[in-house]
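What you see is a predicted model; the values in this text were computed from it and never measured.
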Amino acid sequence: MATREALWGYRNRFGDAFGRTYFRRFGPGVVSSVGIGTYLGDPTPAVDEASRESIELALRSGVNHVDTAANYRCGRAERVVGEALRDAPLDRESVVVATKSGFLPFDGERPSDPSAYVRERFVEPGIVDPDDLANGAHAMTPDYLDWSLDRSLDRLGLDAVDCFYLHNPETQLAARSREDVYDGLEAAFEALERRRTAGDVGTYGVAAWNAFRVPEGDDAHLSLAEVLSRAEAAGEAAGPDDDHGLAAVQLPFNVAMADAFTRRNHRAPSEGDADGPVSALSFAHEAGLSVVTSASIGQGDLAVEGAVPPDVDATLAGETPAQRALNFARSAPGVTSSLVGTTDPDHVRENVAAGTFDPLGASAFDAVFE
């Protein structure tokens with residue numbers, strides 16, 4: 001896994017090449033506030049090669065945060081990340097590697113009959129029970145997570161990952177009650193605590209698309225306070241002297257999807273808070289959880305001139321629309337790192353260069369929404 005010495009050593013390699021807050025604290029050390037994602041792209045050898053080259057370039061250029069998932073690009077994304085890590089001229093211990101589990105992954109390509117594939121590959125061998133599935137393709141039982149983590153480590157070619165996310169747990173709300181989903185999260189956290197003790201996982205987190213940014217009464221809403229409470233219970237179950245391993249929340253955040261900052265939809269982590277509910281970003285910051293943003297430039301939609309409202313665009317630093325949109329995401333109070341996926345080396349260079357500009361301060365960011 002990543003180590004304090006190697007993470008700080010990676011940061012020190014770049015001296016003053018980046019803005020003063022480009023590297024931010026995460027886990028045992030620091031991580032780049034621009035991370036590279038691996039979600040988009042067809043499951044083809046050509047995209048594999050382009051993705052591998054982009055990840056290697058990012059790792060050489062000042063990005064030491066790589067994010068993937070078991071199901072991304074039909075399982076090919078994890079393999080490519082592993083290859084890039086082995087080929088890049090740096091130590092594994094200087095990179096924060098994160099992956100996710102929840103959606104049942106295909107094996108290299110999309111099958112002609114996904115339902116039959118799930119039945120034959122997952123249900124019949126007993127990897128998942130049909131009753132544990134939501135929308136026919138999502139599970140987060142302890143047995144499935146153990147199986148999935150082992151497969152992810154195999155695909156990555158690693159002994160451990162630094163952060164292992166439960167992927168879109170709100171998907172389970174389509175099949176069971178909210179209380180049952182919280183119970184499922186606690187059982188999942190207990191399983192991850194065991195894998196953390198075994199040294200297979202450094203920390204764990206929850207990566208959600210809707211759960212933490214929709215209104216409290218929305219069918220897809222999950223309470224960060226309850227999620228944290230379940231992690232604390234799992235940590236206590238792991239041992240009286242052991243703190244829990246929940247360290248990160250991943251959610252979409254950009255200038256067009258700013259709900260995680262603007263919407264007060266979570267009970268504050270401090271009991272008796274007189275100000276009432278707080279935003280997801282505020283909750284995470286007060287609770288000591290790192291926030292990683294996905295869709296940081298709207299999957300490319302915000303990289304176009306004029307996509308960001310002119311009054312907001314004028315407050316942001318950067319030479320291109322993509323850089324300014326990325327610096328918006330990096331500026332939000334409480335954000336640790338903002339992910340951008342690309343298979344274009346020029347886009348990698350552009351994204352990394354966004355880190356040479358200092359993002360907005362907290363007060364200036366607040367002023368954007370006044």
Side-chain angles (χ1 to χ4, degrees), residues 2 7 21-37 39 63-69 96-100 162-170 185 202-214 221-228 231 244-270 277-298 325-341 354-355 359-362 365-366 368-369:
L7 290 170
T21 62
Y22 177 72
F23 286 96
R24 300 172 184 177
R25 290 194 175 273
F26 181 85
V30 290
V31 69
S32 57
S33 56
V34 174
I36 188 161
Y39 171 53
V63 172
N64 71 335
H65 180 198
V66 184
D67 181 89
T68 189
V96 170
V97 180
T99 192
K100 312 177 189 74
D162 301 290
C163 188
F164 189 75
Y165 291 102
L166 297 182
H167 200 178
N168 288 16
E170 66 267 35
L185 281 168
T203 62
Y204 55 87
V206 176
W209 186 256
N210 291 317
F212 302 137
R213 62 186 187 87
V214 296
H221 181 267
L222 290 175
S223 160
L224 277 169
E226 187 64 24
V227 170
L228 178 59
H244 65 84
L246 180 68
V249 173
Q250 186 176 135
L251 45 74
F253 182 79
N254 59 53
V255 69
M257 299 172 67
D259 318 73
F261 177 79
T262 60
R263 177 170 285 137
R264 295 173 175 265
N265 57 344
H266 294 279
R267 188 176 76 250
S270 298
V278 298
S279 70
L281 292 186
S282 294
F283 181 99
H285 179 69
E286 187 173 340
L289 301 174
S290 293
V291 173
V292 174
T293 68
S294 56
S296 304
I297 61 170
L326 181 52
N327 282 334
F328 175 90
R330 291 199 309 127
S331 295
V335 168
T336 298
S337 189
S338 294
L339 300 172
V340 187
L360 294 172
F365 188 87
D366 285 339
V368 171
F369 294 94

message: Using the rule side chain to side chain donor-acceptor pair (under 3.5 Å), only one of Q250, R330, H65, R24 pairs with S337; which is it?
response: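 Exactly one pass, corresponding to H65.
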- line: side chain to side chain contact (heavy atoms under 4.5 Å, CB included) filter on A208, not counting sequence neighbours, yields E170, A211, F212
[X] versus [Y], closest heavy-atom pair with distance:
X    : Y    : answer
P169 : V206 : CG-CG1, 3.6 Å
V96  : A2   : CG2-CB, 4.4 Å
L246 : L289 : O-CD2, 3.5 Å
I297 : A325 : CG2-CB, 3.9 Å
L251 : A280 : CD2-CB, 4.1 Å
R213 : P252 : NE-CG, 3.3 Å

Side chain to side chain, [X] and [Y], heavy atoms closer than 4.5 Å:
X    : Y    : answer
V249 : V292 : no
S32  : N64  : yes
S33  : T21  : no

[atom1] of [X] to [atom2] of [Y]: how many Å apart, nearest 0.5 Å?
X    : Y    : atom1 : atom2 : result
M257 : D259 : CE    : CG    : 6.5 Å
L326 : N254 : CG    : CG    : 10.5 Å
H244 : T203 : NE2   : OG1   : 11.0 Å
F283 : L224 : CZ    : CG    : 5.5 Å
T262 : F253 : OG1   : CZ    : 8.0 Å
T99  : D162 : OG1   : CG    : 11.5 Å

H221 atom NE2, neighbour heavy-atom count above 12 within 6.0 Å: yes
message: Assess the residue pair Y39 and D67 against the criterion (side chain to side chain contact (heavy atoms under 4.5 Å, CB included)); give the C-alpha distance rounded to whole Å, side-chain angles, the decisive distance to 0.1 Å, and a yes or no.
response: CA-CA 9 Å; Y39 171 53; D67 181 89; over 6 Å; no
message: Set out, in order, the CA-CA distance, both residues' side-chain angles and the distance that settles side chain to side chain contact (heavy atoms under 4.5 Å, CB included) for V31 and L7, then state yes or no.
response: CA-CA 7 Å; V31 69; L7 290 170; 5.9 Å; no
- prompt: Between F261 and F365, how do the two ring planes meet: parallel, tilted or perpendicular, split at 30° and 60°?
  reply: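 Correct class here is perpendicular.
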query: Does any N or O in the side chain of K100 come within less than 3.5 Å of the main-chain N or O of A207, such that one atom is a donor and the other an acceptor?
result: no
Polar side-chain atom of R264 near backbone of S279 as donor-acceptor pair, under 3.5 Å: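 Checking the backbone N and O of S279 against the side chain of R264, no donor-acceptor pair under 3.5 Å is found.
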field: I36/V340 under side chain to side chain contact (heavy atoms under 4.5 Å, CB included): CA gap, chis, key distance, verdict
entry: CA-CA 5 Å; I36 188 161; V340 187; over 6 Å; no
query: Could you walk me through whether T293 and L339 pass the side chain to side chain contact (heavy atoms under 4.5 Å, CB included) check?
result: CA-CA 6 Å; T293 68; L339 300 172; 5.8 Å; no
